[in-house]
There are 6 protein chains.
Amino acid sequence: MNKKEVGLENLAKIDGAAAKPVFEALKDIAPDLNDMMLEFGFGTIYNRDGLDSKQREMITITTLLTQGGCENQLRVHIQASLNVGLTEKEIVETFIHCVPYVGFPRVLNAVFSAKEVFAGQK
Amino acid sequence: MNKKEVGLENLAKIDGAAAKPVFEALKDIAPDLNDMMLEFGFGTIYNRDGLDSKQREMITITTLLTQGGCENQLRVHIQASLNVGLTEKEIVETFIHCVPYVGFPRVLNAVFSAKEVFAGQK
Amino acid sequence: MNKKEVGLENLAKIDGAAAKPVFEALKDIAPDLNDMMLEFGFGTIYNRDGLDSKQREMITITTLLTQGGCENQLRVHIQASLNVGLTEKEIVETFIHCVPYVGFPRVLNAVFSAKEVFAGQK
Amino acid sequence: MNKKEVGLENLAKIDGAAAKPVFEALKDIAPDLNDMMLEFGFGTIYNRDGLDSKQREMITITTLLTQGGCENQLRVHIQASLNVGLTEKEIVETFIHCVPYVGFPRVLNAVFSAKEVFAGQK
Amino acid sequence: MNKKEVGLENLAKIDGAAAKPVFEALKDIAPDLNDMMLEFGFGTIYNRDGLDSKQREMITITTLLTQGGCENQLRVHIQASLNVGLTEKEIVETFIHCVPYVGFPRVLNAVFSAKEVFAGQK
Amino acid sequence: MNKKEVGLENLAKIDGAAAKPVFEALKDIAPDLNDMMLEFGFGTIYNRDGLDSKQREMITITTLLTQGGCENQLRVHIQASLNVGLTEKEIVETFIHCVPYVGFPRVLNAVFSAKEVFAGQK
């Protein structure tokens, strides 16, 4: 399997259907970006040893919360966090842990994104 | 035990000596900030259930890497990460996982902070 | 009065009804975050001496403008700024003062948030 | 011609109609901000030698992508980039070049803003 | 008086000697940037009505704290804050007020910058 | 040639000796990060068509200026900008163009980084 195929396999395992609209939307305007995310993101980074999928998603939602303005990507990875086995409680706790480091506003934004994703689960 | 005492106990367990100069330096200029970090940071947040100390430090070093310009705090928490049992490899892997989300420059800054802390260990 | 009660009292004075939907929305997903904002934010920080409410709101809307991506929180605190006695002119002037430090885009976002809040006043 | 007149002329050349709603919306709430953008932004900065309009717009969309949360301003300047002669391909390539420096999320946000602007062109 | 002259006068009043090395250092590499800061920053923005110098410096140090990585500029404006009459206590309180909005790390950086400036006063 | 070899070739052309200490310093702590920068950064991104090296470096120094806290990487790419043929004047003008978008502080930081690099040239 080449990196793109590995990436597709990891993408399916981790994101399930959640990232599909993103990849779909890139097709006509920036197909190479699509390939980079598959090869570099999911084929290389998510394929590394040393951290399991739960830890990787915990790191991902933390960095997205901290950056701000990445609510679309955050929602995809909140869904991915659930897919790999993080509980709703662990996701919210991850966000609450960030309060002393980034303050309440970014944390509130993330919690409300989680609320949307969790609602879509039921 | 009140929150400040809980905070002091957690601080000792997690940060060991690493945060001491920070608290020392605040004493004369902003002693209340000192108390807030103890009561709110270490007495409230780090005292919560739902995530263990390793997970909490992994989240902390991720949010500090992402913000940028927090190298002092990052070094304290890289040391704290080692104290609670994360390995050097796991810390570096946490940083590498952030590349697709924040790019190389912030990750390089964090890795070089880790290098300094790891060197001080030996 | 404990800190939470002080926080509730300060919240009522400062934010009036503006923050209520935020607190309401947190209830089921992260009630502890609710309490932290009351105890630490409104019960501790807003209860300190040394700056009056107008100064505190001026600082708050400045830090929210600067972070970017916090338009929801900014609108709440633009309303709070009016509640504690800042004029519409002073709020806009606060934003304009930030231009040399953060550039036009973040300032424009804040001014348009103010425009929405001011319109709701009439 | 004073700086404001120079600014108006440059604005017309560069942004065409794209920035008009922004200036219109500022009229009642912050007319001075309007003048500053004309005099300082378009009358001073865009009037300088040393870089041509294509280079200036390339720099502008890069800094807006990097900041995050400036999608409104980014859309105006993606349109401006087309107006001064950058191709759709060059705009997307500018964004893709940022991936190693800021990561995928901010780049995706910019690419989707471009997609909206390009769609409005046809 | 033209804007540059107004700017020079305001600069002298507000920053005193603190900004001088900055302007000196720019002379050979970017003299126009020098003029822009004088004309736009100190000649236009700091010359506006609606907020007094103390309020303007309070806003300035808040936006610089929030951005991060602007310690050089922050130190200049902490000195300027003292020059226009803010007390050391008000400056530190301004920083502490930011904790719930940006978290402890950025606030700690600002407090330590203040500590350096205050030490130089004595 | 595989991607890593392409990356090494591009690195030599673009960065010359400037990036060498970075790659050297990563060797023992995070050699994989080294490879990623070569394969993904210099082997993939810098190897794409659609923009020339001067444009790519102009975009790079803009995104680094905007992020803040990336002075190390900025100095490497200011040197790289000179290597691929941008003049000192064009580099400074790129930074000045950013003033209306990010404000003076980040621009000043970048200009002072340029001053250091330019001084090392002579």
Side-chain angles (χ1 to χ4, degrees), chain C residues 7 10-11 14 19 33 36-70 72-74 76-77 80-81 86-104 106-107 110, chain E residues 7 10-11 14 19 33 36-70 72-74 76-77 80-81 86-104 106-107 110:
Chain C
N10 284 334
L11 179 70
I14 298 165
L33 195 56
M36 282 177 204
M37 288 201 291
L38 281 175
E39 289 175 23
F40 181 63
F42 290 95
T44 303
I45 296 288
Y46 277 86
N47 210 45
R48 291 170 60 83
D49 292 332
L51 295 173
D52 64 29
S53 295
K54 285 192 200 183
Q55 290 172 311
R56 290 192 181 276
E57 285 302 332
M58 201 172 264
I59 295 164
T60 302
I61 59 177
T62 300
T63 187
L64 289 171
L65 170 155
T66 307
Q67 287 187 63
C70 299
N72 287 337
Q73 293 79 18
L74 190 53
V76 168
H77 281 283
S81 298
L86 287 175
T87 65
E88 295 191 0
K89 208 172 155 335
E90 284 169 324
I91 292 166
V92 172
E93 191 62 32
T94 299
F95 295 159
I96 289 178
H97 183 77
C98 293
V99 171
Y101 300 104
V102 301
F104 289 105
R106 293 242 181 281
V107 172
Chain E
N10 284 333
L11 179 69
I14 298 165
L33 196 57
M36 280 176 204
M37 287 201 293
L38 282 175
E39 288 175 24
F40 182 63
F42 290 95
T44 303
I45 296 289
Y46 276 86
N47 210 45
R48 292 171 59 85
D49 292 333
L51 295 172
D52 63 30
S53 295
K54 286 192 201 184
Q55 291 172 310
R56 290 192 182 277
E57 285 302 331
M58 200 172 263
I59 296 164
T60 302
I61 59 176
T62 301
T63 186
L64 289 172
L65 171 155
T66 308
Q67 286 186 63
C70 298
N72 287 337
Q73 293 79 20
L74 190 53
V76 168
H77 282 282
S81 298
L86 288 174
T87 64
E88 295 191 1
K89 207 173 156 335
E90 285 169 325
I91 292 167
V92 172
E93 191 62 34
T94 299
F95 295 159
I96 289 177
H97 183 78
C98 292
V99 171
Y101 300 104
V102 301
F104 289 104
R106 293 242 181 283
V107 172

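As the structure is a prediction and not an experimental result, all values here were calculated from the model. Labels below follow one simple rule: chain letters A, B, ... track the order of the sequence lines, proteins then strands, and each chain is numbered from 1.
- If you tally non-hydrogen atom pairs under 4.5 Å between each of Lys89(E), Arg48(E), Arg56(E) and chain C, the highest count goes to Arg56(E).
- Among the candidates Gln67(E), Met37(E), His97(E), Glu93(E), the residue making the largest number of heavy-atom pairs closer than 4.5 Å to chain C is His97(E).
- Annotation: the span from Thr66(C) atom OG1 to Leu65(E) atom CG amounts to 9.5 Å, rounded to 0.5 Å.
- Atom-to-atom distance recorded for Ile59(E):CD1 and Ile61(C):CD1 is 7.5 Å, nearest 0.5 angstrom.
- Here CE of Met58(C) is found 9.0 Å from CE of Met58(E). Values are rounded to the nearest 0.5 Å.
- In terms of heavy-atom pairs under 4.5 Å with chain C, the best-connected choice from Val102(E), Val99(E), Thr87(E), Thr94(E) is Thr94(E).
- Note that the CD1 atom of Ile45(E) and the OH atom of Tyr101(C) stand 9.0 Å from one another [nearest 0.5 Å].
- One finds the OG1 atom of Thr44(E) at 11.5 Å from the CD1 atom of Ile96(C) (value rounded to the nearest 0.5 Å).
- For a residue to count as touching a neighbouring chain, one of its non-hydrogen atoms must lie under 4.5 Å from one of that chain's; by this rule Phe40(C) touches chain E with the side chain only.
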